[in-house]
Protein chains: 2
Amino acid sequence: MSPRRSAAAALETREEIVARAVVVASTDGLEGLTIGRLAGDLSMSKAGVIGHFGTKERLQLATLEEAITIFTREVWAPVADLPAGLERLLAICDAWIAHLQSGVFPGGCFLTAASMEFDGRAGPVRDRVIAGFEQWRAAVERDVRAAVKAGQLPAATDPAQVWFELNALAIGLNQALQLLGDEEAPVRARRAMRRAIGVGAAE
Amino acid sequence: MSPRRSAAAALETREEIVARAVVVASTDGLEGLTIGRLAGDLSMSKAGVIGHFGTKERLQLATLEEAITIFTREVWAPVADLPAGLERLLAICDAWIAHLQSGVFPGGCFLTAASMEFDGRAGPVRDRVIAGFEQWRAAVERDVRAAVKAGQLPAATDPAQVWFELNALAIGLNQALQLLGDEEAPVRARRAMRRAIGVGAAE
DNA sequence: GAATTTAGCAAACGATCGTTCGTAATCTAT
DNA sequence: ATAGATTACGAACGATCGTTTGCTAAATTC
């Protein structure tokens, strides 16, 4: 078969490719992602796959972008409507934990894996990973500051420290779930996150 | 040149290969490790490289084993002589942080990277990674229990919870250093580790 | 309805992957 | 000194890598 798809349908094809790429890269890594593998999975030719992106690196970037979109939808969107402050910060933590448990990415947190995979290689993929983390960090720290300003957290609270700990705990939870299948990890992570924020675990 | 090395020297060759493999895999991952690349770096033939291991998987296992040995030497050996308990637990944390800062692995913590890379693929490499983490976890938890027994920590202290948090913070520190070059991360990690243990940061 | 653009395929490109084979050089053991 | 193991090499294996090139057939534009 040859190109019997309309321009709109071609966009769909591109989305199908990216959707599959996210799944594959989630377990095999962005570098382990392969055009031939993708073509086989989708019953397409290699040229048909790469044609939508031009280059493997741009395919990786598109895949990363989609993963960031999914993360945003899973973790940020559910809490976006809450007012900035402690309540939303706690909701973020719970959504974060739920996301890591959800199995949306079969190979575990995509961004975490990508950050480890590309932390030593320069290039646009690494740059995008960094930008993604910085954006997420800014969102979390904003709520910490709002909670401090509202008197919900002690004035001495350091937003950067809270972010550091929450992010570390999320990564640690991801490892515990993916590598060890530790079923107690989510509750441990929640407890530690509450403590990192400076709020009783009874919350 | 052809094989003009004695049996003893051949062991040296093997060690040289593994030493180089640790460096390469530290940045490119155990899967990104390539026999041809290794042969080029060492001015050897591919057959000469793989001949010492038989299989790439066994080369990966030897590389992983060496990385575990290095980690043990860097983090455990300096504190092994201390008596079990709170003092050694705190020393472990400091040695751990120092190790992550040391740049022994140019691409960051080898075990962390390997755990992310292989957390979705069955096989002996993944099994060895898990065993390495379990062994390290047992060592840390042992000191937590000893500290509790000695009355240095509250009786309600949960060793598994402490391990979970310390490990997460170490991974988070590794990411902050490698991906973001965050120079404040080590002091943040140290502070959080002290708090996870349940000891004042002034210690 | 004719001309142009586009989606996707089949095939091939050189490069590299992990692995195997035969062979020469060296070491070890008799 | 001679025989047998090793060590490592060069060369080749089939497979797969990312990418490029023509081509066909459908969709779009004029």
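Within every chain, numbering begins at 1; the chains are lettered A, B, ... in the order of the sequence lines, protein sequences first and strands thereafter. Because the structure is predicted, anything quoted here is derived from the model rather than measured. Worth knowing before you read on, the calculation uses all heavy atoms, side chains too, and leaves out hydrogens, waters and symmetry mates.
- For the salt bridge (Lys or Arg N to Asp or Glu O under 4.0 Å) test, residues two or more places apart in sequence or in another chain that qualify with A:Asp94 are A:Arg190, A:Arg194.
- Under the 30°/60° scheme for interplanar angles, the aromatic rings of A:Phe110 and A:Phe105 are found to be tilted.
- Note: CD (B:Glu12) to P (D:dA8) measures 10 Å, nearest angstrom.
- Under the side-chain contact (heavy atoms from CB on, under 4.5 Å) rule, A:Leu111 has a single partner from A:Asn174, A:Ile70, A:Ile171, A:Ile68, which is A:Ile68.
- Nearest to the side chain of A:Ser45, among C:dT19, D:dC9, C:dC9, sits C:dC9.
- Residue B:Thr55 has a polar side-chain atom (N or O) positioned under 4.0 Å from OP1 or OP2 of C:dT19.
- For the pair B:Gly48 and A:Ala47, nearest-nucleotide mapping onto DNA chain D gives the more 5' position to B:Gly48.
- Against DNA chain D, the stretch residues 26-42 of chain B makes no heavy-atom approach under 4.0 Å.
- Distance from the side chain of B:Lys56 is smallest for C:dG18 among the nucleotides C:dG18, D:dT19, C:dT20.
- At whole-Å resolution of the value, CZ in B:Phe53 and P in C:dT20 are 15 Å apart.
- A donor-acceptor pair under 3.5 Å is absent between the side-chain atoms of B:Thr55 and the main chain of B:Arg58, judged by distance alone.
- At whole-Å resolution of the value, CD1 in A:Ile50 and P in D:dT16 are 18 Å apart.
- In terms of modelled atom types and a separation under 3.5 Å, the side chain of B:Gln60 and the main chain of B:Leu30 share a donor-acceptor contact.
- Rounded to whole Å, the distance from CE on A:Met44 to C1' on C:dG8 is 7 Å.
- Protein atom NZ of B:Lys46 is 10 Å distant from nucleotide atom P of C:dT16, rounded to whole Å.
- Distances shorter than 4.0 Å separate none of the side-chain N or O atoms of B:His52 from OP1 or OP2 on D:dT6.
- With B:Ile17 as reference, B:Leu42 is the one residue of B:Val22, B:Leu42, B:Ile35 to meet the side-chain contact (heavy atoms from CB on, under 4.5 Å) rule.
- The CD-C1' distance, from A:Gln60 to D:dT19, rounds to 15 Å in whole Å.
- OP1 or OP2 of D:dA8 lies within a sub-4.0 Å distance of a side-chain N or O belonging to B:Thr13.
- The side-chain hydrogen bond (donor to acceptor under 3.5 Å, both in side chains) search around A:Gln178 returns none, not counting sequence neighbours.
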